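Read the structure below first, then the notes.
Hydrogens, waters and symmetry mates play no part in the numbers below; they use all other heavy atoms, side chains included. Just so it is clear, the structure is predicted and the values come from calculations on it, not from any experiment.
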Amino acid sequence: ECPSSSGKPNHADILLVNLQYVSEVEIINDRTETPPPLASLNVSKLANKARTEKEEKMSQAYAISAGVSLEGQQLFQTIHKTIKDCKWQEKNIVVMEEVVIAPPYQVENCKGKEGSALSHVRKIVEKHFRDVESQKVLQRSQAQQPQKDTSLSS
């Protein structure tokens with residue numbers, strides 16, 4: 001049993017292993033006590049999560065095969081975290097069927113009917129690029145720090 005990665009005390013992570021990829025099993029120690037009963041699983045919830053994950057991976061694969069830039073792929077993922085109704089239309093990102101973001105995926109490339117949807121998407125795009133820039137600045141400053149001498153003297 002693994003503690004929950006969500007941090008919830010009454011939950012545990014469940015790890016599934018595809019036995020088709022297992023070539024050998026070695027018993028480390030044999031238990032004699034009966035294991036506790038397994039918690040019931042919400043199969044439909046698991047199936048929905050698997051379907052959603054598959055759709056997201058297919059969307060990423062489409063973007064790569066369409067030649068979308070890494071910046072565009074990252075922006076798509078950022079938008080998709082907030083707004084699930086987000087898809088690719090060739091190299092354009094279409095959000096809520098109302099906003100289209102064309103390459104090079106900057107705020108000025110957000111087109112759509114003026115209103116709350118367009119305004120909200122523009123704010124997400126602005127924040128995404130602010131976060132990316134601050135991450136670059138942080139990485140540069142860490143790279144420029146002198147390495148501490150970790151050798152031990154005897």
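Between Ile101 and Asn92, the closest side-chain pair of non-hydrogen atoms is not below 4.5 Å. Between Pro103 and Asn109 the shortest side-chain heavy-atom distance does not fall below 4.5 Å. Contact annotation: the side chain of Ile83 approaches that of Ile124 to within less than 4.5 Å [non-hydrogen atoms, C-beta and beyond]. Looking at His120 and Thr82, their side chains come closer than 4.5 Å, going by heavy atoms from C-beta outward.
Distance check: Gln73 CD to Ile64 CD1 gives 5.0 Å after rounding to the nearest 0.5 Å. Taken from CD in Gln60 to CD in Glu55, the straight-line distance is 12.5 Å, to the nearest 0.5 Å. Atom CE of residue Met58 and atom OG of residue Ser65 lie 9.0 Å apart, to the nearest 0.5 angstrom. Atom NZ of Lys127 is separated from atom OG of Ser134 by 8.0 Å, given to the nearest 0.5 angstrom.
Here Glu56 does not pair with Lys81 in a salt bridge; the nearest charged N to carboxylate O distance is not below 4.0 Å. Between Lys57 and Glu53 there is no salt bridge, since none of the side-chain N atoms of the basic residue sits less than 4.0 Å from a carboxylate O of the acidic one. Between Arg122 and Glu114, at least one side-chain N (NZ, or NE/NH1/NH2) sits under 4.0 Å from a carboxylate O, which counts as a salt bridge.
Note on Leu19 and Leu16: separate hydrophobic clusters, where clusters join Ile, Leu, Val, Met, Phe, Trp and Tyr whose side-chain heavy atoms are under 4.5 Å apart, directly or indirectly. When the side chains of ILVMFWY residues are joined at heavy-atom separations under 4.5 Å, either directly or via intervening members, Val121 and Val94 end up in two distinct hydrophobic clusters. Taking hydrophobic clusters as Ile, Leu, Val, Met, Phe, Trp and Tyr residues chained together by side-chain heavy-atom distances below 4.5 Å, Val107 shares a cluster with Leu118. Hydrophobic clustering (side-chain heavy atoms under 4.5 Å, transitive across Ile, Leu, Val, Met, Phe, Trp, Tyr) groups Val25 together with Val17. Tracing side-chain contacts under 4.5 Å through hydrophobic residues (I, L, V, M, F, W, Y), one never reaches Val100 starting from Tyr105; they form parts of separate clusters.
Between the side chain of Ser119 and the backbone N or O of Gly115, no donor-acceptor pair lies under 3.5 Å. Counting only distance, with no hydrogens or angles, the side chain of Glu98 and the backbone of Ala117 share no donor-acceptor pair below 3.5 Å. With hydrogens and angles ignored, the 3.5 Å screen pairs no side-chain donor or acceptor of Tyr62 with any backbone N or O of Gln89. With hydrogens and angles ignored, the 3.5 Å screen pairs a side-chain donor or acceptor of Lys111 with a backbone N or O of Glu108. With hydrogens and angles ignored, the 3.5 Å screen pairs no side-chain donor or acceptor of Asp13 with any backbone N or O of Ser4.
Heavy-atom neighbours of Gln20 CD from other residues, nucleotides or ligands within 6.0 Å: at or below the threshold of 12.
Checked by atom type, the side-chain pair Asn42/Ser44 shows a donor-acceptor distance below 3.5 Å. Checked by atom type, the side-chain pair Thr78/His128 shows a donor-acceptor distance below 3.5 Å.
A search for ring pair (Phe, Tyr, Trp, His ring centres under 6.0 Å) contacts involving His80 returns Phe76, not counting sequence neighbours.
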